[in-house]
Amino acid sequence: MTSVPNTLRIRRALEDAIVAGRYLPGTRLDPEALEQEFDCSRTPIREAFQQLEASGLVRVMPKRGTFVSQWSPEELAERFEVMAEIEASCGRLAARRITQAELDAFQKVHDDCRRQAEAGEVEAYYARNSEFHHCIYRATHNAFLVQEAARLHAMLQPYRRMQLQVRNRMGRSFAEHDAIVAAIRDGDGDGAARALHDHVIVQGDRFHDLIAAMRRTLA
């Protein structure tokens, strides 16, 4: 029974570390080192790996080990395509259902993003950018959609972080946020859906920029 809370604690810690970029895509997770770090047996480590694999954050490869998920360009494009559709749905529902209290909190996060973008603070912007999207998910008032959007959001976080390394991307990202906030504030569901889809989708030059950033980061 003691492995249950340990498993949850370890899974959350590893999930946070992957999302924060401590473990880059393709990194092998060393169970012996993790046993020492978390002062536990192998069982909760193995259970945490299984849960992370189910969420898509890691891949367990028999006889090779457990690795932070790393996708080919084609696989990555597919996932961003699905994420763009999910976020569009979230934006459409949020524009209809967001409460005044949620809108006020959303605006505050947006203002925080503005300050970080103006200061050129990429890491701080990255953290607030994540909360910006979660504000939209919660405003849908659809628990299943919130869960699925958050799962895929976490899966793609390491790559969204890489996107912000591209020159001028942070400024463009904030300008896209501005359009999203305006549409949701005005109750424009279709406008919010379009703005979020265009914000998340990775195509053309943006896709090539992301692949170049990946190669630099993972080299």
> Check whether NZ of the Lys or CZ of the Arg Arg128 lies under 6.0 Å from the centre of the six-membered ring of Tyr126 and within 45 degrees of that ring's axis.
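Checked: cation-pi criterion not met.
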
> Does the pair Leu57 and Val68 meet the rule for a side-chain contact (heavy atoms from CB on, under 4.5 Å), with working shown?
CA-CA 6 Å; Leu57 278 175; Val68 178; over 6 Å; no

> So, the side chain of Arg96 versus the backbone of Arg92: is there a donor-acceptor pair under 3.5 Å, distance only?
no

> Rounded to the nearest 0.5 Å, how far apart are CZ of Arg151 and CE of Met83?
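Reported value, rounded in 0.5 Å steps: 9.5 Å.
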
> Is the shortest side-chain heavy-atom distance between Leu156 and Arg79 below 4.5 Å?
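A side-chain contact exists here, since the closest heavy-atom pair is under 4.5 Å.
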
> Indicate if Tyr23 and Ile10 have the same hydrophobic cluster label, given that clusters are the connected sets of ILVMFWY residues with side-chain heavy-atom separations under 4.5 angstrom.
yes

> Are Leu152 and Leu76 co-members of a hydrophobic cluster defined by side-chain heavy atoms under 4.5 Å apart?
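Leu76 and Leu152: one cluster.
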
> Once salt bridge (charged side-chain N to carboxylate O under 4.0 Å, His left out) is applied, what residue pairs with a partner in residues 22-37 remain, sequence neighbours excluded?
Arg22-Glu37, Glu35-Arg42

> Measure the CG-CG distance between Leu14 and Leu34 for me, rounded to the nearest 0.5 Å.
5.5 Å

> For a side-chain contact (heavy atoms from CB on, under 4.5 Å) check, start with the C-alpha distance between Trp71 and Ser69, then their side-chain angles and the critical distance, and finish with the verdict.
CA-CA 7 Å; Trp71 299 297; Ser69 294; 3.8 Å; yes

> To the nearest 0.5 Å, how far apart are CE in Met170 and CD in Gln116?
8.5 Å

> Taking the side chain as every heavy atom from C-beta outward, state whether Pro158 and Leu24 have any atom pair closer than 4.5 Å.
no

> Quickly, which of Glu87, Arg138, His153 forms a side chain to side chain donor-acceptor pair (under 3.5 Å) with His133? Name it, please.
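Testing His133 for a side chain to side chain donor-acceptor pair (under 3.5 Å) against Glu87, Arg138, His153 leaves exactly one candidate, Glu87.
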
> Which distance, rounded to the nearest 0.5 Å, do you find between the CG of Leu52 and the CD of Glu15?
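Going from the CG atom of Leu52 to the CD atom of Glu15 covers 6.5 Å.
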
> Nearest 0.5 Å please: distance from the CZ atom of Arg114 over to the CZ atom of Phe174.
3.5 Å

> Is a donor on one side and an acceptor on the other found under 3.5 Å between the side chain of Thr140 and the backbone of Leu93?
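Here the side-chain-to-backbone pair does not exist.
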
> Within this structure, what is the OG-CZ distance for the pair Ser41 and Arg46, rounded to the nearest 0.5 Å?
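Taking OG in Ser41 and CZ in Arg46, the distance rounds to 8.0 Å.
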
> Hydrogens and angles aside, do His141 and Glu102 bring a side-chain donor and acceptor to less than 3.5 Å of each other?
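Judged by distance alone, the side chains do pair up.
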
> Does one hydrophobic cluster hold both Met155 and Phe49, with members joined at side-chain heavy-atom distances below 4.5 Å?
no

> For the residue pair Ala192 and Ala95, what are the closest heavy atoms and their distance?
CB-CB, 4.4 Å

> Assigning hydrophobic clusters by single linkage (Ile, Leu, Val, Met, Phe, Trp, Tyr; side-chain heavy-atom cutoff under 4.5 Å), is Tyr137 placed with Val200?
yes

> Under a plain distance cut-off of 3.5 Å, with no hydrogens placed, do Gln107 and Arg185 share a side-chain donor-acceptor pair?
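Indeed, the side chains of Arg185 and Gln107 share at least one donor-acceptor pair under 3.5 Å.
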
> Does Thr7 reach the main-chain N or O of Glu47 with its side chain, forming a donor-acceptor pair under 3.5 Å?
no

> What's the verdict on side-chain contact (heavy atoms from CB on, under 4.5 Å) for Asn6 and Phe38, showing C-alpha distance, side-chain angles and the deciding distance?
CA-CA 9 Å; Asn6 266 343; Phe38 293 106; over 6 Å; no

> Taking atom CG of Asp39 as the centre, does the number of heavy atoms from other residues, nucleotides or ligands within less than 6.0 Å exceed 12?
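Atom CG in Asp39 is not crowded, with 12 or fewer foreign heavy atoms closer than 6.0 Å.
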
> Given 3.5 Å as the limit, does a donor-acceptor pair link the side chain of Ser130 with the main chain of Ala127, or not?
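Here the side-chain-to-backbone pair does not exist.
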
> Under the salt bridge (Lys or Arg N to Asp or Glu O under 4.0 Å) rule, what do Arg169 and Glu176 come out as? Steps first, then yes or no, please.
CA-CA 10 Å; Arg169 177 57 197 155; Glu176 292 162 9; 2.9 Å; yes

> Please determine whether the number of non-hydrogen atoms from other residues, nucleotides or ligands lying under 6.0 Å from atom CD of Glu81 exceeds 12.
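No.
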
> For a side-chain contact (heavy atoms from CB on, under 4.5 Å) check, start with the C-alpha distance between Val82 and Glu78, then their side-chain angles and the critical distance, and finish with the verdict.
CA-CA 6 Å; Val82 172; Glu78 289 173 350; 5.8 Å; no

> So which residues get pulled into Ile136's cluster when ILVMFWY side chains under 4.5 Å apart are joined, directly or through others?
Ile98, Leu103, Phe106, Val109, Phe132, Ile180, Val181, Ile184, Leu196

> Carefully, step by step, assess Arg115 and Asp112 under the rule salt bridge (Lys or Arg N to Asp or Glu O under 4.0 Å).
CA-CA 5 Å; Arg115 285 189 286 272; Asp112 288 343; 2.3 Å; yes

> Compare every heavy atom of Leu145 with every heavy atom of Asn142, then report the nearest pair and how far apart it is.
OD1-N, 2.9 Å

> Please report the closest heavy-atom contact between Ala139 and Arg97, naming both atoms and the distance.
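That closest heavy-atom pairing would be O-CB, 3.5 Å.
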
> Begin from the C-alpha positions of Glu53 and Arg11 and carry the test salt bridge (Lys or Arg N to Asp or Glu O under 4.0 Å) through to its verdict.
CA-CA 10 Å; Glu53 183 180 33; Arg11 178 185 65 76; over 6 Å; no

> Kindly indicate whether the side chain of Phe80, heavy atoms from C-beta on, has any atom under 4.5 Å from the side chain of Arg160.
yes

> Is Leu8 reachable from Ile18 through a run of hydrophobic residues whose side-chain heavy atoms are each under 4.5 Å from the next?
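Different clusters: Ile18 never reaches Leu8 through Ile, Leu, Val, Met, Phe, Trp or Tyr contacts under 4.5 Å.
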
> Which pair of heavy atoms, one from Gln70 and one from Gly26, lies closest together, and at what distance?
OE1-CA, 3.2 Å

